[in-house]
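Chain A is the first sequence line, chain B the second, and so forth, proteins listed ahead of strands; every chain is numbered from 1.
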There are 2 protein chains.
Amino acid sequence: MQNIRDQMPDACLLYDTAELFKMFGDSTRIQILSALMICEMSVGDLADLLGMTQSAVSHQLRLLKGGKLVEARRQGKQMIYSLADDHVKTIIGQGLEHVQE
Amino acid sequence: MQNIRDQMPDACLLYDTAELFKMFGDSTRIQILSALMICEMSVGDLADLLGMTQSAVSHQLRLLKGGKLVEARRQGKQMIYSLADDHVKTIIGQGLEHVQE
DNA sequence: TTTTCATTTGAATAATTGTTCATATGAGAT
DNA sequence: ATCTCATATGAACAATTATTCAAATGAAAA
């Protein structure tokens, strides 16, 4: 029962991990990520699919991009967003699994 | 490229999953959970360990308990909290792994 | 170049949320 | 019953955050 802090992950690491989970902890963002798990998509397509304004979707995509969870490429006039990482699928999968019980 | 919604998890399910991740998406709560991953502990011990007030810890434990992530038992005057589920370890583990790169 | 379409950005607003402080509850000890 | 000790609770406050609206940027078409 001695020093528990030594056995815990570093505080900074935990902070970053919390920041990561914060990304998944919002209805809009997790819907966006779920959609992108099926296939890459433009901002407008996402907005139509989820029934939200382009602006709202764009703001959230900005955060997700900042968190390196999605990446974007330009295709003519539109921006196509896709998952940055297979880790994203794994994490959402774990969450879904835990909830479905 | 047809109906993507049909391939996505149900909206309610995604909502619940977001709620789950919200629990991990806070510095204080993830620290509490990390500590409880090492060993079960009283509210006061957690407060001392993390350098926060008992009240703040108690409030967060209430949320974690509501989310079925921790459970409590009484031991004399104190309440001993522990992880409710091994799933919690798995999920935090995934998050830590993703961050450490 | 001007126009149009898709996206981004910034400011404002509304809503949620974490912490603090003071008080209440609850259990064991005196 | 009273007195501690440990925890829980509620209200107030501060801070963060998601959405909306309006305007700006950027790229392709006319």
Output yes when at least one side-chain N/O atom of [X] is less than 4.0 Å from OP1 or OP2 of [N], else no.
X       : N      : value
B:Arg62 : D:dT9  : yes
A:Thr53 : D:dT20 : yes
B:Gln54 : D:dT7  : yes
B:Tyr81 : D:dA8  : yes
A:Arg74 : C:dA6  : no
B:Gln75 : C:dG28 : no

- prompt: With no angle test and no hydrogens, is the base of D:dT9 tied to the side chain of B:Ser55 by a donor-acceptor pair under 3.5 Å?
  reply: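 Between D:dT9 and B:Ser55, which were checked side chain against base, a qualifying N/O pair under 3.5 Å is present.
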- prompt: Taking N and O atoms by type only, does the side chain of A:His59 place a donor or acceptor under 3.5 Å from a partner on the base of D:dT20?
  reply: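 Looking at the base of D:dT20, it does pair with a donor or acceptor on the side chain of A:His59 (distance under 3.5 Å).
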message: When you group the ILVMFWY residues by side-chain heavy-atom contacts below 4.5 Å and let the links chain together, are A:Leu50 and A:Ile80 in the same group?
response: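 No: no chain of side-chain contacts under 4.5 Å links A:Ile80 to A:Leu50.
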query: Side-chain heavy atoms under 4.5 angstrom apart, residues restricted to Ile, Leu, Val, Met, Phe, Trp, Tyr: same cluster for A:Ile4 and B:Leu61?
result: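 Yes: a chain of side-chain contacts under 4.5 Å links A:Ile4 to B:Leu61.
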Whole Å only: how far is the [atom1] atom of [X] from the [atom2] atom of [N]?
X       : N      : atom1 : atom2 : value
A:Lys77 : C:dT8  : NZ    : P     : 15 Å
B:Arg73 : D:dT7  : CZ    : P     : 12 Å
A:Leu63 : D:dT17 : CG    : C1'   : 9 Å
A:Gln60 : D:dT17 : CD    : C1'   : 9 Å
A:Leu46 : C:dA6  : CG    : C1'   : 13 Å
A:Leu50 : D:dA18 : CG    : P     : 15 Å
B:Glu19 : C:dT17 : CD    : C1'   : 12 Å
A:Met41 : C:dT7  : CE    : C1'   : 17 Å

Heavy-atom pair with the smallest gap, counting every atom of A:Lys22 and A:Arg29: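 Distance-wise, the nearest heavy atoms are O-NH2, 3.0 Å.
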task: Indicate the atoms forming the closest heavy-atom contact of A:Ser27 with B:Ala18, along with that distance.
output: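 For A:Ser27 versus B:Ala18, the nearest heavy atoms are N-CB, 3.8 Å.
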- prompt: Is there side-chain contact between A:Ser42 and A:Met79, with at least one heavy-atom pair below 4.5 Å?
  reply: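 No, every pair of side-chain atoms sits at 4.5 Å or beyond.
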Toward the 5' end of DNA chain D, by each residue's nearest nucleotide, A:Gly76 or A:Ala56: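 The residue mapped nearer the 5' terminus is A:Ala56.
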query: Closest to the A:Thr28 side chain: C:dT7, D:dA18, D:dT7?
result: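 Given the options C:dT7, D:dA18, D:dT7, the side chain of A:Thr28 is closest to D:dA18.
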message: Closest-nucleotide mapping onto DNA chain C: is B:Lys22 or A:Gly44 further toward the 5' terminus? I mean the 5' end.
response: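 Nearest nucleotide further toward 5': that of A:Gly44.
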